[in-house]
Amino acid sequence: VQLQAYGGGLVQAGDSLRLSCAASGRTFSSYAMGWFRQAPGKEREFVASISWGGRGTAYADSVKARFTIRRDNAKNTVYLQMNSLKPEDTAVYYCAAAPSYGSILVNDFDYWGQGTLVTVSS
């Protein structure tokens, strides 16, 4: 699976932004998908994940109730809707694919996109 994330940009605190991750390959629907982020000088951290069928979702506490992950298997795309953005959300956001749903660990995701930068100004 090849992944390409896009949709990042510079926004102000309180704004919304939607990230997309386009996947190539016919097996997209068999993978759980996740979003991670990495701020400068920090480790990559889990943001959200979604099961292969979309019924299962999980979020980091820091983004719960503000971010929403969903997927469209017909379009081979996973989305991250980010609302009420805060300066601390500033990071490079990565999408990733895992063979099973339920993990929030970087090492459990086998395929990674190139990342898209989100900058939130105060």
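Every value quoted in this text rests on a predicted model; they were computed, and no experiment measured them. Just so it is clear, the values below take in all heavy atoms, side chains as well, and ignore hydrogens, waters and symmetry mates.
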Within this structure, what is the CZ-OG distance for the pair F109 and S103, rounded to the nearest 0.5 Å?
5.5 Å
So, using ring pair (Phe, Tyr, Trp, His ring centres under 6.0 Å) as the criterion, who are the partners of Y111 when residues are at least two apart?
Y31
Is there a donor-acceptor pair under 3.5 Å between the side chain of D15 and the backbone N or O of Q12?
yes
Would you say V63 ends up clustered with Y79 if hydrophobic residues are merged whenever their side chains have heavy atoms under 4.5 Å apart, either directly or through other cluster members?
no
Sub-3.5 Å donor-acceptor pair from the side chain of Y94 to the main-chain atoms of G34, do we have one?
no
Linking I/L/V/M/F/W/Y whenever their side-chain heavy atoms sit closer than 4.5 Å, directly or via other members, would V78 and W52 fall into one cluster?
no
From I69 atom CD1 to S49 atom OG, the distance as rounded to the nearest 0.5 Å:
6.0 Å
Kindly give the heavy-atom pair with the smallest separation between S84 and S16, and that separation in Å.
N-OG, 4.3 Å
Answer whether the closest heavy-atom distance between the side chains of R66 and M82 falls below 4.5 Å.
no
Roughly how far apart are R44 CZ and L105 CG, rounded to 0.5 Å?
13.5 Å
Check whether Q114 reaches the backbone of A5 with its side chain - one donor and one acceptor, N or O, closer than 3.5 Å.
yes
Residue pair Y6 / S20, side-chain heavy-atom distance below 4.5 Å:
yes
Does atom CD of Q2 have more than 12 heavy-atom neighbours, drawn from other residues, nucleotides or ligands, at distances under 6.0 Å?
no
Roughly how far, to the nearest 0.5 Å, is CZ of R37 from OG1 of T116?
14.0 Å
State, with a plain yes or no, whether a side-chain heavy atom of F67 is found less than 4.5 Å away from one of L17.
no
When you measure from the side chain of R71 to the backbone of S51, do you find a donor-acceptor pair of N or O atoms at a distance under 3.5 Å?
yes
Could you tell me which non-hydrogen atom of C21 sits nearest to which non-hydrogen atom of L3, and how far apart they are?
SG-CB, 3.9 Å
Shortest non-hydrogen contact from P87 toward A13:
CD-CB, 4.1 Å
Would you name the heavy atoms of P99 and D108 that are closest together and state the gap between them?
CD-O, 3.8 Å
Please report the interatomic distance CZ(R55) to CD1(I50), rounded to the nearest 0.5 Å.
12.0 Å
So if you build clusters from Ile, Leu, Val, Met, Phe, Trp, Tyr with side-chain heavy-atom gaps below 4.5 Å, do M33 and V118 land together?
yes
Mind checking ring pair (Phe, Tyr, Trp, His ring centres under 6.0 Å) for W112 and listing every partner two or more places apart, or none if nothing turns up?
F36
Mind checking the CG-OG spacing from D72 to S29? Nearest 0.5 Å is all I need.
11.0 Å
Verdict with supporting geometry, D89 and K86, salt bridge (Lys or Arg N to Asp or Glu O under 4.0 Å):
CA-CA 5 Å; D89 295 318; K86 304 176 181 180; over 6 Å; no
Cluster link Y59 to V106, ILVMFWY, side chain under 4.5 Å
no
Check whether Y101 and F28 end up in the same hydrophobic cluster, where Ile, Leu, Val, Met, Phe, Trp and Tyr are linked by side-chain heavy atoms less than 4.5 Å apart.
no
